[in-house]
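Heads up, the thing below is written out as structure tokens.
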Amino acid sequence: VLSCSCLPDLREDDDPPCTAENKPAIERQCNVLKSDKFKVCHSLVNPDDFIEICIYDMCQYDGMKSALCDIVQVYVDTCKNHGVTIKWRNSTFCPLPCPSRSHYKDCVSACPSTCSDIFASSLCEKTDECTEGCECDDNYVLSNGNCVPLSSCGCRDDDNNYYSVSSSWSKSLTSK
């Protein structure tokens, strides 16, 4: 006769580690996923599991807003995988931090203008794919990951090689 016995389950309870004081506020914040802004996706992706995870994580991290923003982002990404795009960020709710001389947009070009290709965004192949991100302010373009004034961009030589403002170059002249 073979006898098996299981060890007792010693894992901690799955209840969120909230205090009685902060749990209602955290639940209210996580329930944003039930709001009209996200309703377009509810029939495809049930928000209840996401809300439960949100409550647990926010309780675990003492109400840290980034926990809320992270789970909302996961919900929105899951919706996008089901063909539903939701524009949800704004300047007060989970704003995406952008570097100086740039700003958040819910739909940015996959081909931003740069010093080496100022017309990249206008010549970019247009697609329906859209991603949120940071875009350089007017009269600024990307250069090495930073938004710089157009006036700080370099130039191109006859062979289409790009040279930054601070670089120096010379072309040897040969007679033919």
Side-chain angles (χ1 to χ4, degrees), residues 16-19 22-154 162 164-165:
C18 272
T19 63
N22 68 2
K23 190 171 182 183
I26 286 173
E27 286 175 338
R28 210 170 23 259
Q29 290 175 75
C30 291
N31 277 324
V32 70
L33 288 174
K34 289 186 176 177
S35 70
D36 287 345
K37 185 174 289 260
F38 302 95
K39 188 177 238 167
V40 66
C41 188
H42 290 171
S43 63
L44 298 168
V45 181
N46 187 334
D48 292 342
D49 290 341
F50 293 86
I51 291 168
E52 197 175 306
I53 293 166
C54 176
I55 293 167
Y56 187 92
D57 286 357
M58 284 192 73
C59 288
Q60 183 71 40
Y61 298 108
D62 201 28
M64 194 166 64
K65 284 277 194 249
S66 62
L68 169 66
C69 297
D70 288 348
I71 198 67
V72 172
Q73 181 67 63
V74 171
Y75 183 78
V76 167
D77 289 345
T78 304
C79 291
K80 190 170 187 170
N81 290 339
H82 284 82
V84 176
T85 300
I86 300 172
K87 296 177 181 179
W88 62 281
R89 290 186 194 270
N90 61 42
S91 60
T92 58
F93 184 71
C94 300
L96 194 66
C98 290
S100 62
R101 298 181 293 275
S102 68
H103 56 277
Y104 170 80
K105 280 188 75 175
D106 54 27
C107 182
V108 295
S109 172
C111 318
S113 296
T114 64
C115 274
S116 59
D117 192 355
I118 291 172
F119 301 107
S121 61
S122 58
L123 299 174
C124 185
E125 208 174 291
K126 303 293 183 216
T127 65
D128 291 337
E129 283 300 305
C130 189
T131 185
E132 66 179 357
C134 299
E135 180 178 83
C136 290
D137 295 340
D138 287 344
N139 297 315
Y140 286 83
V141 294
L142 277 177
S143 178
N144 297 324
N146 297 313
C147 293
V148 299
L150 275 168
S151 58
S152 295
C153 289
Y162 177 77
S164 63
V165 167

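Fair warning: this is a prediction, and the values are worked out from it, not measured in the lab.
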Looking at [X] and [Y], what are the two nearest heavy atoms and their distance?
X   : Y    : answer
V45 : H82  : CG2-ND1, 3.7 Å
E27 : I55  : CG-CD1, 3.6 Å
C98 : Y104 : SG-N, 3.5 Å
I86 : V76  : O-CG1, 3.9 Å
R89 : C94  : NH1-O, 2.6 Å
K34 : P47  : CG-CG, 4.4 Å

| So do Y56 and P17 actually touch side chain to side chain, heavy atoms under 4.5 Å? | yes
| Taking C-beta and beyond as the side chain, do P149 and N139 meet within less than 4.5 Å on heavy atoms? | no
Where the side chain of [X] meets the backbone of [Y], is there a donor-acceptor pair that is under 3.5 Å apart?
X    : Y    : result
S143 : N146 : no
H42  : D36  : no
R101 : D137 : no
N90  : F93  : yes

Let me confirm one number: the [atom1]-[atom2] distance from [X] to [Y], rounded to the nearest 0.5 Å.
X    : Y    : atom1 : atom2 : result
C115 : N144 : SG    : CG    : 8.5 Å
C69  : W88  : SG    : CH2   : 5.5 Å
L142 : S113 : CG    : OG    : 8.5 Å
I26  : Q60  : CD1   : CD    : 10.5 Å
K105 : C134 : NZ    : SG    : 12.0 Å
K65  : M58  : NZ    : CE    : 5.0 Å

| message | Assess the residue pair C30 and I51 against the criterion (side-chain contact (heavy atoms from CB on, under 4.5 Å)); give the C-alpha distance rounded to whole Å, side-chain angles, the decisive distance to 0.1 Å, and a yes or no. | response | CA-CA 6 Å; C30 291; I51 291 168; 4.2 Å; yes
| Would you call D77 and K80 a salt bridge, taking side-chain N to carboxylate O under 4.0 Å as the test? | no
| note | Per side chain to side chain contact (heavy atoms under 4.5 Å, CB included), C41 is matched among N46, V84, L33, T78 by V84
| message | For Y75 and F38, take the angle between the two ring planes, folded into 0 to 90°, and tell me which bin it lands in: parallel under 30, tilted 30 to 60, perpendicular over 60. | response | perpendicular
| said: Tell me if the CG atom of N22 is crowded by more than 12 foreign heavy atoms within 6.0 Å. | reply: yes
